[in-house]
Visitor: 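Mind looking over this structure? Questions follow.
For clarity, every value in this text was computed on a predicted model and none was experimentally measured.
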Amino acid sequence: MAMQCRRRAVWRWLLQQQSRSSSSSVVDVQQQQQEQVLVKGNGYSRFALLNRPSALNAINTSMIFQAARLHQLYKNWEDNHDIGFVMLKGSSPRAFAAGGDIVALYRFIKHGNLEACKQFFRTIYSFIYLIATYLKPHVALLNGITMGGGAGISIPGTFRVATDKTVFATPEVLIGFHPDAVASFYLSRLPGHLGEYLALTGEKLNGVEMVACGLATHYSLLAKLPLIEEQLGKLVTDDPSVIEATLEQYGDLVHPDSSSVLQRLEIVDKCFCHDTVEEIVDAVEVAASETKDAWCISTLNRLKEASPLSLKVSLRSIREGRFQTLDQCLLREYRMTLQAISKQISGDFCEGVRARVVDKDMAPKWDPPTLEKVSQDMVDQYFLPLTEFEPDLELPTKSREAFL
């Protein structure tokens, strides 16, 4: 009898400790969410600040902290009649947002926790759709690195302000992935075949180039950003034209320099218009051998660094995106992403992250290793509907239609 009483006492104690630990975890999660997205209120507007400066404001996967908090904040602000417009920026002078936290995703996959990866992508893609359908003007201040998911949560919005420190890229093929976060939508709508070039090489654009090709709506020197923020904070409006007038008041007029890819659109179109990656590589190779041009040689080298499977998948993604709506692009990219992280076709994503970010040996062993060994069936699998046991990405398309 005494033994049973002691066992019951121990059991009650364990339950109490578990309850306390659980409550503490909830508090920790809420605190981390608040720390990773700071909020400033300026009367008639709200300012969300991405706050992971040590990680270049990469969107966190742990409990989906940033994406979930952003989604909730934006919904609350949209429903609040006292708020006219919303602004978004990064806390680091080096970055707006460097994309998703690929190292955390890599570790989840290595430990077999695919559900955490799926939840991350569902959350961030859903937030991107919210931005694309937002009922209030949205201003993103794209200072510093703006890549991958960072571009995804800003480009579908109303206004994107680039600076002299902005660096844009979609470098996913270099880590065995594909441009996602609605990249297949906005890249496919760039002039000529610039979108294919950016997707297949992962090359960077600066702030001037972003404005020139339409990825950004305005350009201002970094030194003017505090003044822009101050003036926007004084506005009492929900009128996009009033906000635009303020942005233009502090804008700078510049043109791409002679080294810019935008000065080479003729050769970009000539090389990247072809139907297959093999034909694109051959065209760049011919241009490089004929001209000995440093740009052509650099482009060729970038193509040869990328995952062969990712190149083929990404080219098809951009080409399909050109004829799809924003929600269709997100849905397809989600299916493609699940194929990439499942490792059923190839383990290139984990290998690319390992080689470039984890071990940093810069020597990924791609599978398949060459374009010739990438079969059409492998590429086709990325674009198949999910099975009946795997739910698709759910977007509120009936109640929220994208403006783009």
Visitor: Yes or no on side-chain contact (heavy atoms from CB on, under 4.5 Å) for Tyr134 and Arg400, after CA distance, side-chain angles and deciding distance?
Guide: CA-CA 8 Å; Tyr134 210 57; Arg400 305 183 67 97; 4.3 Å; yes

Visitor: Would you say the side-chain atoms of Glu333 pair up with the backbone N or O of Val182, donor to acceptor, closer than 3.5 Å?
Guide: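 Such a contact is found between Glu333 side chain and Val182 backbone.
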
Visitor: If you take all heavy atoms of Pro391 and Tyr334, which pair is closest and at what distance?
Guide: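 In this case the closest contact between Pro391 and Tyr334 is O-CE2, 3.9 Å.
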
Visitor: If you take all heavy atoms of Ala216 and Arg160, which pair is closest and at what distance?
Guide: CB-O, 3.5 Å

Visitor: Set out, in order, the CA-CA distance, both residues' side-chain angles and the distance that settles salt bridge (charged side-chain N to carboxylate O under 4.0 Å, His left out) for Lys234 and Glu230, then state yes or no.
Guide: CA-CA 7 Å; Lys234 293 178 181 179; Glu230 180 183 352; 3.5 Å; yes

Visitor: Any ring pair (Phe, Tyr, Trp, His ring centres under 6.0 Å) involving residues 208-255? Give me the pairs, sequence neighbours left out, ordered by first then second residue.
Guide: Phe159-His218

Visitor: Sequence neighbours left out, what passes side-chain hydrogen bond (donor to acceptor under 3.5 Å, both in side chains) with Lys224? Give chain and number order.
Guide: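 Only Asp252 meet the side-chain hydrogen bond (donor to acceptor under 3.5 Å, both in side chains) criterion with Lys224.
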
Visitor: Measuring from Leu73:CG to Asn80:CG, what's the distance to the nearest 0.5 Å?
Guide: 12.0 Å

Visitor: I need the minimum non-hydrogen distance between Lys312 and Leu371, along with the two atoms involved.
Guide: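 In terms of heavy atoms, the two residues are closest at NZ-O, 3.2 Å.
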
Visitor: Got a sec, which pairs hit ring pair (Phe, Tyr, Trp, His ring centres under 6.0 Å) with one end in residues 295-333, sequence neighbours left out?
Guide: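 Residue pairs passing ring pair (Phe, Tyr, Trp, His ring centres under 6.0 Å), neighbours aside: Tyr197-Trp295.
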
Visitor: Is there a donor-acceptor pair closer than 3.5 Å between any side-chain N or O of Asn51 and the backbone N or O of Ser91?
Guide: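 The answer is no, because no donor-acceptor pair under 3.5 Å joins these two groups.
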
Visitor: Working to the nearest 0.5 Å, report the span between OG of Ser342 and CG of Leu114.
Guide: 7.5 Å

Visitor: So, Asp348 versus Ser346: side-chain donor-acceptor pair below 3.5 Å or not?
Guide: yes

Visitor: Within this structure, what is the CD-OG1 distance for the pair Glu203 and Thr299, rounded to the nearest 0.5 Å?
Guide: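 If I round to the nearest 0.5 Å, the distance is 6.0 Å.
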
Visitor: Ser375 and Asp377: side-chain donor and acceptor closer than 3.5 Å?
Guide: no

Visitor: Tell me, yes or no, whether the heavy-atom count around Lys270 atom NZ, taken from other residues, nucleotides or ligands under 6.0 Å, exceeds 12.
Guide: no

Visitor: With a 3.5 Å distance limit and no angle check, can you tell me whether Arg302 reaches the backbone of Gly202 through a side-chain donor-acceptor pair?
Guide: yes

Visitor: Return yes when atom CD of Glu115 has more than 12 non-hydrogen atoms of other residues, nucleotides or ligands closer than 6.0 Å, and no otherwise.
Guide: yes

Visitor: Which is it for Thr325 and Asp327 under the side-chain hydrogen bond (donor to acceptor under 3.5 Å, both in side chains) test, yes or no, and what are the steps along the way?
Guide: CA-CA 6 Å; Thr325 59; Asp327 57 287; 2.9 Å; yes

Visitor: Measure from the side-chain N and O atoms of Glu78 to the backbone N and O of Leu135, and report whether any donor-acceptor pair falls under 3.5 Å.
Guide: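 Yes; at least one donor-acceptor contact below 3.5 Å.
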
Visitor: Please determine, by modelled atom types, if Ser317 and Tyr382 share a side-chain donor-acceptor pair under 3.5 angstrom.
Guide: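 No, no side-chain donor-acceptor pair sits under 3.5 Å.
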
Visitor: Could you go through the salt bridge (charged side-chain N to carboxylate O under 4.0 Å, His left out) check for Glu196 and Arg319 one step at a time?
Guide: CA-CA 8 Å; Glu196 284 94 331; Arg319 296 281 166 83; 2.7 Å; yes

Visitor: Have Thr246 and Gln231 got a donor and an acceptor in their side chains that come within less than 3.5 Å?
Guide: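 There is no such pair between these side chains.
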
Visitor: Decide side-chain contact (heavy atoms from CB on, under 4.5 Å) for Leu141 and Leu88; before the verdict, give the C-alpha distance in whole Å, the side-chain angles of both, and the deciding distance to 0.1 Å.
Guide: CA-CA 6 Å; Leu141 303 179; Leu88 180 65; over 6 Å; no

Visitor: As a quick check of understanding, evaluate side-chain contact (heavy atoms from CB on, under 4.5 Å) for Leu303 and Leu200, giving each step before the final call.
Guide: CA-CA 7 Å; Leu303 289 168; Leu200 300 187; 3.8 Å; yes

Visitor: If every non-hydrogen atom of Leu311 is compared with every non-hydrogen atom of Val277, which pair is closest and at what distance?
Guide: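 Heavy atoms of Leu311 and Val277 come nearest at O-CG2, 3.6 Å.
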
Visitor: Taking all atoms of both residues into account, what is the closest heavy-atom pair of Ser184 and Ile318, and its distance?
Guide: CA-CD1, 3.9 Å

Visitor: Start with the C-alpha distance between Lys343 and Glu351, add both sets of side-chain angles, then the distance that settles salt bridge (charged side-chain N to carboxylate O under 4.0 Å, His left out), and finish with yes or no.
Guide: CA-CA 10 Å; Lys343 301 173 70 172; Glu351 174 61 10; over 6 Å; no

Visitor: Do Glu279 and Thr276 pair up side chain to side chain, a donor and an acceptor below 3.5 Å, judged on atom types alone?
Guide: yes

Visitor: Does Glu390 CD have over 12 foreign heavy atoms under 6.0 Å away?
Guide: yes

Visitor: Once you measure the plane-to-plane angle for His138 and Tyr74, does it fall in the parallel (<30°), tilted (30-60°) or perpendicular (>60°) bin?
Guide: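 Judged by the thresholds at 30° and 60°, the geometry between His138 and Tyr74 is tilted.
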
Visitor: Would you please test Asp392 and Arg335 for salt bridge (charged side-chain N to carboxylate O under 4.0 Å, His left out) and show each step?
Guide: CA-CA 7 Å; Asp392 250 323; Arg335 293 173 177 175; 2.8 Å; yes

Visitor: The test is side-chain contact (heavy atoms from CB on, under 4.5 Å); show your working for Val313 and Phe177 and say whether it passes.
Guide: CA-CA 9 Å; Val313 167; Phe177 201 57; over 6 Å; no

Visitor: Could you check whether Asn301 and Glu305, counting side-chain N and O atoms only, form a donor-acceptor pair closer than 3.5 Å?
Guide: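 No, no side-chain donor-acceptor contact under 3.5 Å.
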
Visitor: Side chain of Gln339, backbone of Gln381: donor and acceptor closer than 3.5 Å?
Guide: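 Flag set: sc Gln339 to bb Gln381 pair under 3.5 Å.
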
Visitor: Just by distance, no angles: are the side chains of Thr123 and Gln119 close enough, under 3.5 Å, to form a donor-acceptor pair?
Guide: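 Present: a donor and an acceptor within the cut-off.
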
Visitor: Would you compute the distance between atom CG of Asp164 and atom CG of Leu222 and round it to the nearest 0.5 angstrom?
Guide: 6.0 Å

Visitor: Please find the pair of heavy atoms, one from Gly148 and one from Glu172, that lie closest to each other, and give the distance.
Guide: CA-OE2, 3.4 Å

